[in-house]
Structures are given as C-alpha cells and as structure tokens.
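Notes for the one structure printed next.
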Amino acid sequence: MRSMEVQKKILLVLGLLFVVFIVPLVCFSLFYPKFRVQNFEDTVTLNYKNPYQMASGNVCYGTVFHCQEVSVSQEGSVDTDRLGEYKITYQYTYQDKVYTKEQTVMVVDKEPPTLVVNDEKLIYCPNGKMPTYSYTATDNYDGDLTDKVTVQLEKGQVLFSVEDSSGNRTFFRRDAMAIDESKPDISLNGDSVVYIPLNGTYEELGASASDFCDGDLTSQIKITGEVDVTQAGEYQLTYSVVDSSGNENSVARTVYVYRNNDYTAPSGKSIYLTFDDGPGPYTEKLLDILKKYNVKATFFVTNQGLTKNYDSIILRAYQEGHTIGLHSDSHSYSIYTNTKTYFDDLYAIQAKVKRITGSTSTIIRFPGGSSNTISKSYDGGSRIMSQLALAVEAKGFRYFDWNISSGDAGETTDTNQIVKNVVSKLGNGSTYMVLQHDIKSYSVDAVESIIQYGLVNGYVFRPITMDTPTVHHHINN
Ligand code: ZN
C-alpha cells in the first residue's frame with residue numbers, strides 16, 4: 001500500500017513540473033516572435049568550378065504560425081575558380097535594426113589527376129634500372145603534372161603515381177619485363193681516319209663506351225687489328241664492346257701509313273698542285289703544310305705586293321723548292337686588249353720575280369686560263385687568246401692550264417667539298433694539274449687532306465718544270 005502512495009506522489013510531482021516548466025516553454029517557442037532562418041548552412045563545401053548559390057529569401061520574423069519575410073542582403077563573394085575558404089555575411093534588417101549571420105564556403109578540389117602511360121610494353125634493365133617511360137599527367141586544377149609523376153619498380157611491376165596540390169592521388173600499375181635490348185654506345189677518341197708517315201709513331205687514342213644498363217664500359221673495349229708503321233699501307237682497327245646482356249657494338253678506325261712524297265721519283269701518277277693569285281695571308285701556312293709532307297707545288301703569282309709586301313714569301317717558296325710561275329702583274333682582264341698590253345704585264349711580273357728570286361721564270365698561267373672568253377670583252381674581236389697561245393711559246397714561255405678545278409673560285413667555300421672535288425677526279429692517269437687559290441683560307445685548309453689522300457693512293461706530288469707534260473684547255477677566243 002505504501003508503495004502505491006509513493007507512486008502517486010511521484011506522478012504528482014512530475015505533473016506539476018510539466019505544467020510549470022514544459023508547457024510554458026512550448027508556448028513560448030511557438031508564440032514568441034523571432035527570426036527564423038530556413039535552409040541556411042553555416043558551412044558549405046563546394047567543388048572547384050561548381051557555381052555558388054547565395055542563400056536568399058529565406059529569413060522571416062514572427063512566430064511559427066505567422067512569419068513575415070524580411071529583406072536580406074549579403075556581403076562577400078566566392079571565386080569557385082580558386083580553391084580556398086570564403087566568408088559570406090548575410091544581413092537582414094527588421095524595424096531599423098541590422099542583424100548579421102556568417103557563412104563559410106569551402107571551395108575544394110576532390111578530383112585526382114589523370115595519368116596516361118603511353119608505352120604498351122614496359123621493360124627495365126635486369127639490374128633494376130628503369131628507362132624513361134612515356135607518360136603524361138594532367139589535373140583539373142593544377143594542369144600539367146607530368147614532371148611530378150614518380151615511377152617505381154615493385155615486384156616486377158612499374159608503379160606510376162602522382163598527387164595534385166589538394167592531395168588527390170592517382171596510381172597506375174603495369175607489368176614490366178626485365179630485359180636489356182639496347183646496344184652499348186661506342187665512340188672513337190680522335191679521328192676515324194689517321195695518317196702516319198712511314199716509320200712514324202701511331203698513338204692509340206682508344207675509344208669510350210657506355211651502356212644504358214651497365215653504365216661506363218670503356219674498360220671493356222677490345223681492340224683488334226694492328227698498325228705496322230714500318231710498312232706503308234692501309235690498316236683497319238676495330239673497337240668492340242659487349243654489355244652484360246650480350247648486346248654488342250663496334251666502331252672502326254682506318255690508319256694509313258704513307259711514304260713521304262718523293263717528287264724526283266720517276267714517272268707514275270703525278271699531281272701538280274698549283275696556286276693562283278697569291279701570295280696572300282694564308283701562303284705561309286700553306287708552305288708549312290707542303291714542307292711537312294715534302295710536297296713541291298707551283299705558285300702562279302701576282303703583284304699582290306702593291307698592297308702588302310709579300311716578297312719574302314715568294315722568296316721562301318722559291319728557296320723551299322716550289323716553282324714560282326707567272327700569273328699576272330695586275331690581274332686585270334684589260335691585259336687582253338692586245339699582245340703588247342699582255343706582254344707588258346707579263347714582263348712586269350717576270351721582272352719582279354727575278355728581282356726577288358734571282359731566277360727568270362718562263363712558266364705561266366693566263367688569268368682565266370687559255371680557255372677564257374672574258375678576253376672577248378677587251379680584244380676588239382682579235383681572238384687574243386689564239387694569238388697569245390702561239391706568241392708566248394714563240395718567246396720561250398710555256399703555259400699551263402689545269403685539268404682538276406677545286407671549285408674554290410666561286411663554286412664552293414666548303415673545305416670538305418674542295419677536297420672531294422679534287423680527290424674524286426684523281427684516277428690512274430699520269431698528269432693531274434689541280435687549280436687552287438692560296439688567297440682563300442678554306443682552299444688552303446683542304447691541301448693537307450688532298451696530300452694525304454694522294455700519298456696513300458700512290459701519287460707523287462711534283463712542281464711544274466719546263467719538262468712537265470702539257471696541260472692545255474681548248475681555246476675559245
Ligand atoms: Zn687568277
């Protein structure tokens with residue numbers, strides 16, 4: 001019985017509490033007017049580039065039963081093209097009083113980068129070294145991320161991975177094969193064609209080799225072949241290297257051991273190097289080259305001393321055994337006006353050479369060669385070249401044209417081309433007369449290669465003498 005009374009008392013207290021506290025609270029919340037903000041979130045998360053919509057028209061003042069909309073204005077803006085946190089302040093006014101409410105907008109990037117691997121088959125070195133694979137990575141926010149890609153080898157697979165600036169990560173995994181298919185690179189130190197005088201010294205400069213998988217393989221290079229400097233001839237040296245996977249590569253060097261030029265040797269294939277229009281600034285260099293190979297040549301000189309005194313060079317050439325031929329004193333084509341103008345000019349250069357060398361030269365080359373037609377512009381139709389060809393011989397001169405033009409008079413300024421122009425025309429004939437100009441550096445630079453080629457291929461270089469076989473062009477005027 002007592003317990004029933006206790007229960008009654010408890011219920012009574014609870015009922016009183018309900019009436020005194022809860023009922024007024026509910027009434028108060030339903031009937032007391034206040035601001036009611038609907039659909040408003042304090043924090044909004046927005047994906048990059050998605051439009052932000054302002055919360056609007058959702059504030060009212062009043063009770064649950066009757067609520068009057070109030071006007072709302074907002075301050076601040078959201079740039080959805082830029083990641084970050086933005087604050088928007090909403091203001092609403094009621095009965096001249098301003099109220100504010102703040103919203104935080106987070107613009108975030110949740111899209112991971114796109115990673116594309118272009119290689120269909122991935123390989124790597126047996127020692128684990130990876131080649132450069134082909135791939136691209138692009139991100140909606142960061143753009144090109146290709147150089148941020150990390151590449152790792154993991155249990156026979158290549159793992160590509162890239163992360164954007166918001167920490168979104170993309171992985172790509174592909175099976176790979178351990179195989180080395182690439183040959184080592186091997187390259188010679190020094191020239192691939194080397195010329196050595198008989199009984200000279202051959203210095204082995206070796207080669208260097210590197211391999212993608214194995215790295216430097218220079219010490220593994222094997223050289224086969226030998227050079228016998230006591231025997232003139234052509235020698236072939238082969239440099240080969242094999243990488244740890246058996247890929248092989250080799251390069252070759254040709255060594256020519258040549259006999260020094262002996263211009264007094266009888267008959268055979270003869271080359272007459274001739275240089276017109278000098279002396280000039282490159283003539284001394286040319287003389288040094290000729291000396292090195294004991295080659296004697298012919299200089300058809302002009303009176304360049306008018307502007308610079310080259311007398312000592314003419315003297316040096318003469319003293320070193322070269323032939324000083326006569327080209328022209330003035331090198332003006334007006335010398336072809338008549339025979340007198342021609343011989344006045346010829347005797348002037350002859351006298352000059354005599355004064356320098358003490359010797360009277362009777363070996364000549366016509367400016368433009370005996371085949372020139374430019375003389376037609378000066379001779380008034382007298383066929384001056386036909387006259388001169390006879391006249392010079394009658395006066396005890398011998399004239400020489402050429403049968404190999406180096407092309408240095410306008411056709412080319414390329415030294416290698418000049419060498420090619422000359423050596424390509426050398427055959428098994430007995431007399432090759434080469435036209436070059438020692439006032440052109442690119443032509444002088446070709447001389448050493450021409451000499452080396454000639455010596456290796458059994459030619460003798462000779463200076464023109466009064467006994468040299470005739471080399472004449474067809475006369476066109
Ligand atoms: Zn000339």
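Just so you know, residue 1 is the first one in the sequence shown, and it goes up from there. All ligand and atom numbering here is 1-based and tracks the order in the structure. Small disclaimer: the values here were computed from a predicted structure and weren't measured.
- Note that CG of Leu273 is 8.5 Å distant from OG1 of Thr298, once rounded to the nearest 0.5 Å.
- Residue-level check: among N/O/S atoms of His327, NE2 sits closest to the Zn ion (ligand 1).
- At a threshold of 2.8 Å, the Zn ion (ligand 1) has a backbone or side-chain N, O or S atom of His331 nearer than that distance.
- Within the 4.5 Å cutoff, the side chain of Phe212 has heavy atoms near those of the Cys125 side chain.
- Between Arg253 and Glu204, at least one side-chain nitrogen of the basic residue sits less than 4.0 Å from a carboxylate oxygen of the acidic one, meeting the salt-bridge criterion.
- Checked against the Zn ion (ligand 1), the N, O or S atom of Asp277 at the shortest distance is OD1.
- Gln436 and Ser406 are not linked by any side-chain donor-acceptor pair at a separation below 3.5 angstrom, with hydrogens and angles left out of the test.
- Under 2.8 Å from the Zn ion (ligand 1) lies no N/O/S atom of Asp276, from backbone or side chain alike.
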